[in-house]
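Worksheet: the structure to be examined is printed underneath.
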Amino acid sequence: MTVRLKDETSSEDEDAPLSSSIQRTKRTIEDCDYEDDDLKSKTVNTGIKKEDNDAYDSDEALSKVAKPKKIVKRAKKAVSKKSSSSNAKKSIKRAAPRKTPKVVREVSVEQQNADPEDDSKESTEDVDEFKWWEKENDDESIKWTTLKHNGVIFPPKYDPLPSHIRMYYDGNPVDLPPQAEEVAGFFAALLESDHAQNPTFQKNFFSDFLDVLKESGGARNGIKPKDFKLCDFSKMFDYFQLQKEQRKQLSPQEKKKLKQEKEELEEPYKFCWLDGRKEQVGNFRIEPPGLFRGRGAHPKTGKLKRRVYPEDVVLNLDKEATIPEAPDGHKWGEVRHDNTVQWLAMWRENISNSFKYVRFAANSSLKGMSDFKKFEKARQLKDYIDAVRKDYNKNLKSKVMLERQIAVACYFIDVFALRAGGEKADDEADTVGCCSLRYEHVTLKPPNTVIFDFLGKDSIRFYQEVQVEKQVFKNLTLFKKAPKKPGHQLFDRLDPSILNKHLQNYMPGLTAKVFRTYNASKTMQDQLDLIPNEGTVAEKLLKYNAANRTVAILCNHQRTVTKGHAASVQKAMERIEELEWQKIRLKRTIMQLDEAEVKKNPKYFAEVKDLVKEQEAAIHKRLVEKEREKYTKKFARENEKRKFDKEEELPESVLQEWMEKAEEMEKEYRQELDTGKVQVKTSDIEKIKSQIEKLDQRIENCSIQLKDKEDNSQVALGTSKINYIDPRLSVVFCKKFGVPLEKVFTKSLRDKFKWAVESADENWRF
DNA sequence: ACGCCGACTTAGTAGTATGGAG
DNA sequence: CTCCATACTACTAAGTCGGCGT
């Protein structure tokens with residue numbers, strides 16, 4: 001279980017009861033308000049056209065000369081490329097019928113399986129590897145001409161528990177039919193996680209569990225669970241733990257064998273053939289059933305995510321491709337031949353009724369191409385960003401409400417890297433982005449401080465206290481003016497589609513999310529430019545990570561603090577303290593050996609006085625304690641081993657003997673503390689001095705590491721590295737600074753970014 | 001004109017592999 | 001060599017955005 005330091009659920013106690021209740025019941029309140037409030041017609045969705053009779057328009061600043069859609073036109077570079085490709089797309093769609101009723105299954109899957117088996121390991125290498133980034137690509141809508149694959153892997157059937165493992169209801173074992181037992185097991189497995197404590201999760205799980213129980217004929221011993229609180233899943237939980245334990249206990253050979261078997265089973269599904277080239281498939285495993293783990297306060301969290309059968313799955317491949325055989329007696333839901341999409345299979349999921357896709361892996365050419373395009377588009381923004389900024393600064397004073405809102409929204413997105421923020425439904429977690437910000441998410445503190453406090457994507461809290469332009473502050477005051485109150489939209493005229501349409505006027509394809517990519521990569525470039533080309537690889541790496549961290553903070557990429565974090569920081573601090581102590585001890589030794597040294601360089605010895613007796617005593621105690629612990633553990637471990645080997649165990653006296661060593665150490669320290677004199681081990685002062693130097697170095701290293709650890713504890717660097725920072729920046733950095741690329745990119749990232757590794761030269765800039 | 005939905009990117013976390021300190 | 005913490009991968013939820021149908 002983990003603890004998030006920045007409490008994003010923003011505990012009830014610090015919120016006024018009013019605002020928190022509004023937060024939770026947002027929709028209802030909104031709906032009611034608008035019912036009888038004359039705000040309704042104006043603020044809700046229909047925004048744009050209602051402009052002229054809006055209460056806000058009568059505000060001093062805004063005349064009624066509203067010209068809704070007249071958005072500044074600029075950079076009409078909207079080339080015709082788009083239209084040609086969209087035509088192509090249409091014709092293709094027509095050519096490729098959406099519904100291809102259950103095509104007759106042809107045989108020989110082996111035909112396709114044949115070659116991957118032998119050459120899979122090295123096939124990604126040299127010879128005629130496809131370097132798409134060196135080719136011209138004209139049509140964006142057609143993703144492939146041929147596509148062959150072997151389908152997907154389904155999770156194993158449910159294996160019922162041994163009959164003595166049961167869930168208990170009100171103290172009695174319940175004899176569940178397998179279908180219901182499986183669902184109970186899903187919950188039991190999570191018993192020690194946060195989910196199991198979450199009332200929504202409990203409620204949703206229990207209601208779905210009862211449904212399944214009913215469908216499957218009820219408990220076979222007649223017990224009818226009615227109250228969640230009387231259910232006891234602990235026996236099931238214990239059993240799962242035991243199984244885990246047993247799996248861990250397997251011998252290395254057995255583990256290896258199991259792994260190999262799995263590998264062999266999965267091999268055919270790992271690759272597919274796109275235009276004749278072998279490419280990796282990403283998620284070829286169909287998601288197993290389980291309890292939906294929605295994030296934040298998701299109303300549906302805990303609901304049963306049902307099992308997916310071949311009948312639910314739609315395959316996508318070319319017309320000539322052999323259709324993979326569906327598992328034992330099953331049939332595919334549908335086989336499609338749609339080359340305008342890049343998915344291999346899909347199914348509909350039962351929680352929010354949306355699609356899940358089986359797609360190419362991150363290192364595939366298609367993914368690589370769109371990644372490349374994404375970064376090129378962001379780079380293109382360089383040429384337009386001045387115009388965009390100039391414009392939104394100007395429009396902060398526009399006479400048209402919509403334009404002002406657009407201006408402020410653009411400012412937020414550009415400066416604070418907010419997401420677009422689309423509307424969400426009642427049955428999703430209440431999270432917001434720029435356009436969906438509400439009254440209560442923005443607090444204004446004159447003269448120009450703004451406090452953002454809201455839950456963004458994944459219910460990650462966005463909290464920032466910032467200074468904004470005077471005019472932005474003025475506008476926000478206006479946007480929050482009565483009769484607006486908590487629950488109401490801050491930008492009542494705006495939604496992402498309006499905003500994005502506005503942005504496209506500056507640059508084709510420009511949308512809100514491009515700003516995040518642009519600003520992230522731009523920030524990275526700027527930060528990297530500041531790093532001097534000096535020092536060790538480790539030092540440069542540290543600076544690279546610091547730059548990466550700046551970007552992650554900009555994008556508000558957080559992670560939960562790991563459970564051991566506080567302890568590990570504590571440990572690291574103690575370690576440093578001990579090193580300091582050792583150093584001081586050495587300095588004392590010198591002082592004892594030769595008083596003249598002190599006179600020569602009193603500064604060098606000054607720190608000796610910094611160590612107060614209590615502190616020293618504490619360190620001594622810790623060290624002795626550690627020593628004892630070490631021996632106790634060693635003793636226990638040794639005996640464990642001997643027992644296993646059927647050898648004679650060590651007698652208690654051995655432990656006593658060891659303990660005496662610790663005892664001695666303690667005595668020595670005590671004496672040292674009393675007399676202030678150190679037992680001299682060597683009289684070579686030069687040698688001691690070099691030892692001190694080494695200690696200094698270690699202390700320095702440890703301190704840097706500690707700082708890094710603390711700075712990183714709540715920040716996730718990965719997300720920005722994977723999605724926002726143009727990989728060519730990292731490649732160039734490594735080339736220029738002589739840092740091995742694998743220090744910066746893991747194997748999978750090097751694969752994913754192969755296009756960048758091979759195409760960026762030393763002078764490349766974002 | 002607009003809301004819905006299909007398809008794609010972006011996101012944090014759980015669980016496993018790995019490698020460095022003791 | 002073992003153990004523990006960290007690094008990395010796999011997983012899947014949660015966004016964005018364009019296009020389609022009404």
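Quick note on labels: first sequence line is chain A, next is B, and so on, each numbered from 1.
- Taking 4.0 Å as the cut-off between side-chain N and carboxylate O, A:Lys747 and A:Asp751 count as a salt-bridged pair.
- Straight-line distance from the CZ atom of A:Phe515 to the P atom of B:dT9: 21 Å, rounded to whole Å.
- Contact check, A:His298 against C:dA13: no side-chain N or O comes under 4.0 Å of OP1 or OP2.
- Considering only side-chain N and O atoms, A:Thr719 lies nowhere under 4.0 angstrom from the phosphate OP1 or OP2 of B:dT10.
- Checking B:dA7, B:dT9, C:dA10 against every side-chain atom of A:Arg285, the shortest atom distance belongs to C:dA10.
- Using a cut-off of 4.0 Å between Lys/Arg side-chain N and Asp/Glu carboxylate O, A:Arg306 and A:Asp312 are scored as salt-bridged.
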Verdict with reasoning, A:Asp430 to A:Leu455, per side chain to side chain contact (heavy atoms under 4.5 Å, CB included): CA-CA 8 Å; A:Asp430 177 20; A:Leu455 300 183; over 6 Å; no

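- Residue-to-nucleotide contacts include a donor-acceptor pair under 3.5 Å from the side chain of A:Lys457 to the base of B:dT10.
- Rounded to a whole Å, the CD atom of A:Glu266 is 11 Å from the C1' atom of C:dA10.
- Of the candidates B:dT9, C:dC17, C:dA14, B:dT9 carries the atom nearest the A:Arg359 side chain, counting heavy atoms from C-beta on.
- In this structure, of C:dT12, C:dA14, B:dG6, it is C:dT12 that holds the atom nearest to the side chain of A:Asn283.
- Across all strands, A:Lys255 comes closer than 4.0 Å to no nucleic acid atom at all (heavy-atom distances).
- No contact: A:Gly564 has no heavy atom under 4.0 Å from any strand.
- As a whole-Å value, the separation of A:Arg750 CZ from C:dC8 C1' is 12 Å.
- A:Lys709 comes within contact range of the sugar-phosphate backbone alone, with a heavy-atom separation under 4.0 Å but no base atom that close.
- For C:dG18, one of the phosphate oxygens OP1 or OP2 lies less than 4.0 angstrom from a side-chain nitrogen or oxygen of A:Gln504.
- Nucleotides of DNA chain B nearest to A:Thr517 and A:Arg293 differ in position, and the one nearer the 5' end is that of A:Thr517.
- Between A:Lys356 and the phosphate of C:dA13, there is a side-chain N or O to OP1/OP2 separation shorter than 4.0 Å.
- Counting non-hydrogen atoms under 4.0 angstrom, A:Glu428 reaches nothing in the nucleic acid.
- To the nearest 0.5 angstrom, A:Phe284 atom CZ is 11.5 Å from A:Leu344 atom CG.
- Between the CZ atom of A:Arg295 and the P atom of C:dG15 there is a distance of 9 Å, given to the nearest Å.
- When rounded to the nearest whole Å, the span between CZ of A:Phe292 and P of B:dG12 equals 16 Å.
- In this structure, A:Gly294 reaches the sugar-phosphate backbone alone: every heavy-atom distance under 4.0 Å involves primed, P, OP1 or OP2 atoms, never a base.
- For the residue pair A:Ser354/A:Glu349, the side-chain donor-acceptor check at 3.5 Å is satisfied.
- Nucleic acid contact class of A:Ala429 (heavy atoms, under 4.0 Å, all strands): none.
- Distances were taken from every side-chain heavy atom of A:Thr511 (C-beta onward) to each of C:dA14, B:dA7, C:dC17; the shortest belongs to C:dC17.
- Of the residues near DNA chain C, A:Pro496 and A:Leu291, the one whose nearest nucleotide (by heavy atom distance) lies more toward the 5' end is A:Leu291.
- Which of B:dC8, B:dG12, C:dT16 sits closest to the side chain of A:Lys513 comes down to C:dT16.
- Ranking C:dA13, C:dC17, B:dT9 by closeness to the A:Ser370 side chain, first place goes to B:dT9.
- The interatomic distance linking A:Phe360 (CZ) with B:dC8 (C1') rounds to 13 Å, in whole Å.
- Following rounding to the nearest Å, A:Glu578 (CD) and B:dA21 (P) show an atom-to-atom distance of 16 Å.
- Proximity of A:Lys305 to the phosphate of C:dA13: a side-chain N or O atom is located under 4.0 Å from OP1 or OP2.
- Taking the six-membered ring where the residue is Trp, A:Phe187 and A:Phe201 present tilted rings, their angle falling between 30° and 60°.
- Nearest to the side-chain atoms of A:Lys747 among the listed nucleotides C:dT9, B:dT10, B:dA14 stands C:dT9.
- Projected onto DNA chain C by closest heavy-atom contact, A:Phe745 and A:Arg419 fall at different nucleotides, the more 5' of which corresponds to A:Phe745.
- A close approach under 4.0 Å does occur between a side-chain nitrogen or oxygen of A:Thr560 and OP1 or OP2 of B:dT13.
- Comparing C:dC17, B:dT13, C:dA14 by their closest approach to the side chain of A:Asn500 singles out C:dC17.
- Between the side chains of A:Glu710 and A:Asn712, not a single donor N or O lies within less than 3.5 Å of an accepting N or O.
- In this model, the phosphate group of C:dG15 is approached by a side-chain N or O of A:Lys424 to a distance below 4.0 Å at OP1 or OP2.
- Residue A:Arg247 is classed as having no contact, given no heavy-atom separation below 4.0 Å to the nucleic acid.
- Note on A:Ser497: every side-chain N or O is 4.0 Å or more away from OP1 and OP2 of C:dG18.
- In the set B:dG6, B:dT9, B:dG22, the nucleotide with an atom closest to the side chain of A:Lys374 is B:dT9.
- For C:dT9, one of the phosphate oxygens OP1 or OP2 lies less than 4.0 angstrom from a side-chain nitrogen or oxygen of A:Thr746.
- Look at A:Ser354 and you won't find any side-chain N or O under 4.0 angstrom from OP1 or OP2 of B:dG6.
- Each of A:Arg575 and A:Phe355 was assigned the nucleotide of DNA chain B with the nearest heavy atom; the assignment lying further toward the 5' end belongs to A:Phe355.
- In this model, a donor atom of one side chain and an acceptor atom of the other lie less than 3.5 Å apart for A:Ser720 and A:Asn548.
- Of all nucleotides listed (B:dA11, B:dG6, C:dA13), B:dA11 comes nearest to the side chain of A:Tyr724.
- Across the protein-nucleic acid pair, A:Asn723 atom CG and C:dA14 atom C1' stand 13 Å apart, rounded to whole Å.
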